Amino acid sequence: MKPIQDIESVTIRFAGDSGDGMQVTGNQFTITTAIARNDLSTLPDFPAEIRAPAGTLYGVSGFQIQFSSEQVHTPGDAADVLVAMNPAALQAGLKYLKNNGIIIINTDAFSDRNLKMANFQENPLENGRLKGYQVFPVEMSRLTKEALETVDLSHKEKERCKNFFALGMIYWMYTRSLDPTVQWIEKKFASKPVWIEANTLALKAGRNYAEATEIFTTAYRVVKAKIEPGIYRQITGNEAIAIGLIAAGEKAGVNIFYGSYPITPASEVLQYMALYKNFGVKTLQAEDEIAAIGAAVGASFAGNIGVTATSGPGVALKSEFMGFAVMVELPLVIINIQRGGPSTGMPTKTEQADLLQSLYGRSGEAPIPVIAASSPADCFHTAYEAVKVATQFMTPVMMLSDVYLANGAEPWKIPDVDKLSPVDIHYARAGDAYAPYRRNDKTLARKWALPGTPGLEHRLGGLEKEDVTGNVSYDPDNHDKMTRYRAEKVARIADFVEEPQIYGEPQGDVLVISWGSTYGTVLTVVERLIKAGKKVSFYHLRWLNPLPHGLETHLQNFKKVLVPEINLGQLRQILRSRYLIDVTGFNKVRGLPISVQELQAEIEKMIEEL
Amino acid sequence: MKPIQDIESVTIRFAGDSGDGMQVTGNQFTITTAIARNDLSTLPDFPAEIRAPAGTLYGVSGFQIQFSSEQVHTPGDAADVLVAMNPAALQAGLKYLKNNGIIIINTDAFSDRNLKMANFQENPLENGRLKGYQVFPVEMSRLTKEALETVDLSHKEKERCKNFFALGMIYWMYTRSLDPTVQWIEKKFASKPVWIEANTLALKAGRNYAEATEIFTTAYRVVKAKIEPGIYRQITGNEAIAIGLIAAGEKAGVNIFYGSYPITPASEVLQYMALYKNFGVKTLQAEDEIAAIGAAVGASFAGNIGVTATSGPGVALKSEFMGFAVMVELPLVIINIQRGGPSTGMPTKTEQADLLQSLYGRSGEAPIPVIAASSPADCFHTAYEAVKVATQFMTPVMMLSDVYLANGAEPWKIPDVDKLSPVDIHYARAGDAYAPYRRNDKTLARKWALPGTPGLEHRLGGLEKEDVTGNVSYDPDNHDKMTRYRAEKVARIADFVEEPQIYGEPQGDVLVISWGSTYGTVLTVVERLIKAGKKVSFYHLRWLNPLPHGLETHLQNFKKVLVPEINLGQLRQILRSRYLIDVTGFNKVRGLPISVQELQAEIEKMIEEL
Amino acid sequence: MADNPAVDQKSAKANFASDQDVRWCPGCGDYAILAQMKKVLPEIGVPREKVVFISGIGCASRFPYYINSYGFHTIHGRAPAVATGVKLANPELSVWIITGDGDSLSIGGNHLLHLCRRNLNVNIILFNNQIYGLTKGQYSPTSPVGKRTKTTPYGSLDTPFNPMSLVLGAGASFVARTIDRDTKHMAATFKRAAAHKGCSFVEVYQNCIIFNDGAFQSVTDPKIKQENLLYLEDGRELVYGADNDKGIRLEGLKLEAAALNGPESRNGLLKHQETMPDEAYTYLLSKMTERPDLPTPIGVFRALERPTYDEVFMQQIDDVTQKKGKGNLKELFITGNTWKVD
Amino acid sequence: MADNPAVDQKSAKANFASDQDVRWCPGCGDYAILAQMKKVLPEIGVPREKVVFISGIGCASRFPYYINSYGFHTIHGRAPAVATGVKLANPELSVWIITGDGDSLSIGGNHLLHLCRRNLNVNIILFNNQIYGLTKGQYSPTSPVGKRTKTTPYGSLDTPFNPMSLVLGAGASFVARTIDRDTKHMAATFKRAAAHKGCSFVEVYQNCIIFNDGAFQSVTDPKIKQENLLYLEDGRELVYGADNDKGIRLEGLKLEAAALNGPESRNGLLKHQETMPDEAYTYLLSKMTERPDLPTPIGVFRALERPTYDEVFMQQIDDVTQKKGKGNLKELFITGNTWKVD
Ligand SMILES: Cc1ncc(C[n+]2csc(CCOP(=O)(O)OP(=O)(O)O)c2C)c(N)n1
Ligand SMILES: Cc1ncc(C[n+]2csc(CCOP(=O)(O)OP(=O)(O)O)c2C)c(N)n1
Ligand code: SF4
Ligand code: SF4
Ligand SMILES: [Mg+2]
Ligand SMILES: [Mg+2]
């Protein structure tokens, strides 16, 4: 046996042509790694094109995973290992690879044509271009076909199994069991036994090849991480949203009405919701974003919980109805899965630049509570909480996610259904003396009166309403009063929702504040800096509106406050205005998550300069 | 002759049924007053309903004018004189009247039916309800009919002249000449001589009645104000916008393309623009707000200057295209005539609550310069400047007005056409080596290449563009760079536009900062306070984005900074965030202008508490 | 029928009157429509609490405030979208959409047509006054070419929509027209709309006395209307005129007006069929208003049943539930690849 | 014609090729459409710099990037609005709208129809693949009932739009259909669209090989297409089938397929007329795709001239200018009641 070396954490990037099955490969590696009890985080990196011609640079499909014996919060800035199935994958993948990183290459794909398409003037395997990396050239296509000699498939079909050959090699390198993947193959191809045979053979052949050949000298082991006991599954942000919404609907005992119009990266949520009709979920693919939210508002009026999801350009279209929902004070959840903007922008790239739009993108004083998810699995809890607040306060709620969370996946500890917090709804009942705009003392919420209930007939609309009665009113003082009620109602949400906990000491040199998907990066950096003895702490905002009560004190307890954001400083602006504190921003608008390395460097510099 | 008393300034409110001709009466009084060389400011107050049933409270139509021998910046908080043509007008008008104010009443309209409709249990002329006012009851209907005895009109028609009778009385009271109105009547009814006779007779009868009857004891005189020499006309904000746009188009030598969808209070601008086709103005009443801005963007692409106007709910719909315009960097002017919100809100009432929407109501980082008009006449200059900046910087520009400016009118000193500042455009020319996104060093503007020009063929779109070439690019660093370019381009506008001047001393106790239509109120208050020896100064923001360079220094030179706004503190929030200064807000969201009195009280209190 | 239907009806009518002051202009055609609706509602057999009126923005759209049922005055052009949500959330409700020509054919055109194609079981009442009333007199997508309005001071250039052709092109299953001044006809038409299972579209010619008075004079002026109106009745020939002395027949694929002056002159007269499966017939009816030589048809153009959207929508939910079993959260949570950490 | 048309055409075609990599999926029907467009453009007699392609968002809408003319890739559904501004700003431009079935019939339906009614002189090419391509496979307003897609895992419930009936209902003056696989027919159809003065609407059946492969198999599969396709030619009888052995005749107001098996069997066959003023004829053609027993017509359904919007729009400006004199700023400023202060 070759020697086995223990290491703490590894980042692997699988890259190949869109047709090379890299997402399957990545997902299989992920599950196996999770079962081996490492902590992990993953990120697929799809091409923007639907199906680019084979071999092109823009057709490269990637999948990155970081796994560790410690806690992991990001898929890793840069990879230790790059698996490159063709020249384009190599070309595109090199910039993600660490110096001295490992490259495993399918040399069979290095034809002149493919090299040219990948913008290589010469074969990089031959001209020293890969100096400084540990290169493992493997004739994967040929070896796969050889291993499958006896299988009853065409040459072309056999070659399609080469991703399992590659996976087999990586399993050997990281001392992983093949069993979970073999079981998955058996289930997946249950109706096509020949493919079970082929894929399993390829997988094993890859493992055996790595074990046998002299080019692989060492295998690695990442020991088990301390992970909370429980049942886990791998979940993407979009899937988690769907499940969170359904859970909230079930807990409330109310049907979810999900009206949406497809848009990257939100379409998937509609696709998931449409599957779950047996939960009484109602899905409508409307003719546009306006109709989608309009139907959701209508459904809320009639007693379902209206939900709609979209991305930036769709939010713009929905904003008139969001203002309307503020006026009629009905429960509604609007989900914005942010992407690179402005305009059509970079639809498949991540960004956090819709925060100010969420807060202010409506005419008049139209306050809406805003909550943001911090990780793929957290999308479940965030969607759940959005529904809960929407019904409790009779208000539209905006939930923010982004491309990175939507497509990214991480292990989700499956919660106990019975322990989910209740979703309470205050209905007006037949027989009540109903005044549509009479408010609850504490929440300021009005009551929900459902059409169909005798005696509660009433009329709602977008014109200003008289306090209590809800009749149309142009009275100046009433308008001022109602405007302040609407603001105060949203402000009071802070009295009811859980406050975030500060991570690290309650005072020190630098407080890092984040929101949304930068959570993982910031947590990783702050953990490292604390380990290194720096006086750095971390406060992650879940609700962006209203801000938590405790925030102000925290801000005052640090010499510097840093807000890293994938925008030009939107939360920073809010905090400065609200607390008059000279908050510093760290802003990269590159369509990519902020990297651990660059953020760490920034904070270290900040501390030095104190 | 009765005695004549000199006074400095007067506020009169004409009020009657929608059909009573109060707007005509008010406008005539205004012109006559302007010709008599008083400074003045006016405000019509239409009912929200199209045509409410006669005699109802919500059918009252009002017109208020303040005129003075000093400068006047508002139509006056409260009236010295109320002309009430019926009980509803009295009921609705009382709250606008000063204690001990004068009420001139058409007693003929005080039937039981009318009293009831006006919510009077008893006749207020009889039950002492009007104690504390100087009441002048006049049988206007009867007297008018009598005066018109010889005229060949029906009784009903004759009665319709009673507004001129009322106007005649007021002319006597303020020692005004009847000539301007007589001339106007002659022109207006040139084709209907019987109406010339009738209205002129009524006017004179009113004057003579006031002169003769004993109930009017004193006439008043407001001496001439110091007014800049020039030719003047009365202009409303909406008309001024139309003329400003046309002037800018003429100066630029480019057709204005005005695409719009009717909405209160912006429809009038379309109505004016549609009249001026002989200026080559192109108007399109589109199928909705989205199509309206879309057509405007298309027109800008093809070489016209695209303009669109709307109000809050329409801005929401236009926001996707505004983001698109940011991306394609074409000149475009979006005018938002703000009204009470959120949602349909209070469509005929004024508000300043769309500032944050203007700044942030788009997905992604999508900066748009924002300019706000300060008075009806200033709408001319603001619209002109919006076009100028849009073409110079190749950017959409948002111009803000509001209901108060849109409907309000004031004397406009007609500018010298030849002295209007030039509107420069930088075209790419046939033969140029055109790179669509190559930028001007100073303005960062790209050049405008018009379809039809050989050799400049190029393609624009909403996807992120590569620097210089404008090709579609998903490159991370390019995106960051372009995002910052777009922000920087807007920031640089501050280097080119005129800085506002501070009014009052450059340092002191309180600096009042305003934007938009609160200008008049703030100026009036600050003038008074300075006269009273207070250390108060005033800085009015014309551009809200970018903010002027000099602002920061001013902010630091005062102990307190106050921002009065008809919203919950939107500019205040921007200033706090930008300058970290504890700016105080004065916020009334009542659908009405802030009153001079309440603001003055607030500032006085502030100074006391210093 | 009750013993004293007159009294019953009156009380029932009051039953649907809300406590809000009606604020249309005196003389507006909207009043007559409101009166008929309040009269019809008690007769359609749906209790007040199950009736929902949904409107956009415009004079017409104030309607819901004046009916004592559930009401939703939404945003400009979007009532069909909101109604879709309401009906799918609770298919038992009787849903009425009230809209104007600007609301439904200008800004809201798309939603209206998608509603028609989906065939949601709701009733759409379009108050067509060929003008924007609430915003004070701009032209609308149904204003005729040449019309001078505030925004077309030199005459409108836009060919108007033919609302009937448009909704037929979108597949509407029930299409009818009535007139504000013809109260009985209007009441009958509303009842037919209510009775139709599917999306009912009713165009009401409505006079805006302030900004477009007399737009429909040719069919409302008692002196001339008989010559210009064709009452559609299922199974009856297309005959009109004060003395029923004119008829419509088909020449090739074209409609022609014919004088009826003898028994054989009736040959070839078209007979109205609401359920005519031939697309062309109803379409030709819709086009009659574009032909100065033909009368304006009013009544039910088409009443064809096909599955309603709410029906198949709920059915699919039931089917899936039947097949998969009622959803169970615990099971949903543990779908996919799971693993256990102890 | 040039001496060597082949060469000329080739160079001209290259002339309209842009320098951008074409990024549709290999095998997508869009490639064929692009190729034909590049072939046709040099032949319509408009120089490159006067050609503007305007699109919304979708796979189809990437089209402008690949043509070396002026191009504008705008926002989802709104190309007709943008095109309206472009054409009115400069009526000399040859304006082409490229759109998908989702872009133009879902989110953009209203703009499309308003464009048709106004009859702006532009060309609309709708790539109908009965699916949302760019967003990866959701159903569209032209997907058939029962279609399983990503958002309709249990089958679609929405009755699809018939794009042809819809634009006819809106008053479109030129309506045609062609197929990505029939390159010659496509080229000819594009030329006809370009030649039409007014708003030309062309539906192109386009195969999305990834998400909806074979949607138009019945009219593209060489083995069966002859039986399912009806080529419309002005003045020619409605005859189809591999051996021209079938025809369409009118039974009352209904179309019927008839076997042609003798001279007298041809009696009563309909003859195609692009300029048929009878509304019903073209409408019946549009409805043929809803009839399983009838073939799918392709070619020009209708080409009727009526005044174009850009024409009357510019004319009105001229007329007013003629009447009032060219606008003069100084005069404009001093309009209304003025007074002088010295
Ligand atoms: C988004 C938006 N755009 C524009 C308006 C202004 N608006 C209100 S009603 C209306 C049109 C009214 O015409 P119509 O629908 O025919 O109704 P009518 O008043 O004639 O009954 C318009 C343009 C609005 N309220 N909201
Ligand atoms: C406002 C907005 N909503 C949604 C989208 C997402 N989107 C892009 S293209 C598209 C539909 C594409 O379908 P189709 O128009 O048929 O074009 P195809 O891709 O099939 O050619 C959608 C929903 C968007 N870009 N913008
Ligand atoms: S404006 Fe016209 S439609 Fe509106 S209420 Fe008045 S009369 Fe009726
Ligand atoms: S997804 Fe379909 S329509 Fe889009 S490029 Fe691919 S094959 Fe063509
Ligand atoms: Mg109308
Ligand atoms: Mg499509």
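Just so it is clear, the structure is predicted and the values come from calculations on it, not from any experiment. Per chain, numbering begins at 1; letters A, B, ... match sequence-line order.
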Is there a side-chain contact between A/L568 and B/T483 (heavy atoms, below 4.5 Å)? yes

Would you indicate whether the side-chain heavy atoms of A/F586 and A/E598 approach each other to under 4.5 Å? yes

Under 4.5 Å heavy-atom distance to chain B, tell me which part of A/L580 shows up: side chain, backbone, both or neither. both

Minimum heavy-atom distance B/M398-B/I368, with the two atoms named: N-CG2, 3.7 Å

Give the member of A/K481, A/M322, A/Q357 that has the highest number of heavy-atom pairs under 4.5 Å with chain B. A/Q357

Who among A/G461, A/P342, A/G340, A/G312 has the most heavy-atom pairs with chain B under 4.5 Å? A/P342

Count the heavy-atom pairs under 4.5 Å between each of B/F324, B/F321, B/Y474 and chain A, then report the option with the highest count. B/Y474

Are any of the side-chain heavy atoms of A/D582 and A/K560 separated by less than 4.5 Å? no

Quick check: does any side chain N or O of A/K489 sit under 3.5 Å from a backbone N or O of A/M394, one acting as donor and the other as acceptor? yes

Of all heavy-atom pairs between B/P313 and A/S363, which one has the smallest distance, and what is that distance? N-OG, 3.8 Å

Which bit of A/L575 comes within less than 4.5 Å of chain B, counting heavy atoms only: side chain, backbone, both or neither? neither

Relative to chain A, which segment of B/E365 carries a heavy atom at a distance below 4.5 Å: side chain, backbone, both, or neither? both

Residue from B/S311, B/G323, B/S473 scoring the most non-hydrogen pairs under 4.5 Å with chain A is B/G323

Of A/A366, A/G361, A/S343, A/G341, the largest count of non-hydrogen pairs under 4.5 angstrom with chain B goes to A/S343

Residue from A/P476, A/P347, A/A316, A/A487 scoring the most non-hydrogen pairs under 4.5 Å with chain B is A/P476

B/D354 backbone acceptor or donor facing B/Q338 side chain under 3.5 Å: yes

With only heavy atoms counted, which part of A/M346 is less than 4.5 Å from chain B, the side chain, the backbone, both or neither? both

Just do the side-chain hydrogen bond (donor to acceptor under 3.5 Å, both in side chains) check on A/K318 and A/T308 with the steps written out, would you? CA-CA 9 Å; A/K318 288 180 199 290; A/T308 188; 2.9 Å; yes

For A/N336, is it the side chain, the backbone, both, or neither that has a heavy atom closer than 4.5 Å to a heavy atom of chain B? neither

Toward chain B, the part of A/R572 with a non-hydrogen atom under 4.5 Å: neither

Highest number of heavy-atom pairs under 4.5 Å with chain A: which of B/M482, B/E351, B/R362? B/R362

Using a 6.0 Å cut-off, check whether atom CD of B/Q597 has over 12 heavy atoms from anything other than its own residue. no

Is it the backbone or the side chain of B/I290 that comes under 4.5 Å from a heavy atom of chain A, or both, or neither? side chain

How close do A/L592 and A/I566 get, heavy atom to heavy atom, and via which atoms? O-CD1, 3.6 Å

Which portion of A/S358 sits near chain B, non-hydrogen atoms under 4.5 angstrom: neither

Side chain, backbone, both or neither: which part of B/R578 has a heavy atom under 4.5 Å from chain A? backbone

Closest non-hydrogen atoms of A/A88 and A/L57, given as atom of the first, atom of the second and distance, are O-CD2, 3.7 Å

Distance alone, cut at 3.5 Å: any donor-acceptor contact between the side chains of B/E565 and B/N567? yes

Select, from B/D477, B/N478, B/V315, the one with the greatest count of heavy-atom pairs under 4.5 Å involving chain A. B/D477

Contacting region of B/A325 [heavy-atom separation from chain A under 4.5 Å]: neither

Quick one: of A/G314, A/G345, A/S319, who has the most non-hydrogen atom pairs under 4.5 Å with chain B? A/G345

Heavy-atom proximity to chain A below 4.5 Å, by part of B/V326: side chain

Measure from the side-chain N and O atoms of B/D402 to the backbone N and O of B/T350, and report whether any donor-acceptor pair falls under 3.5 Å. no

Sort out for me which of A/M327, A/Q573, A/E464, A/K465 touches chain B most, counting heavy-atom pairs under 4.5 Å. A/Q573

Which one wins on heavy-atom pair count under 4.5 Å against chain A: B/S577, B/A353, B/G364? B/S577

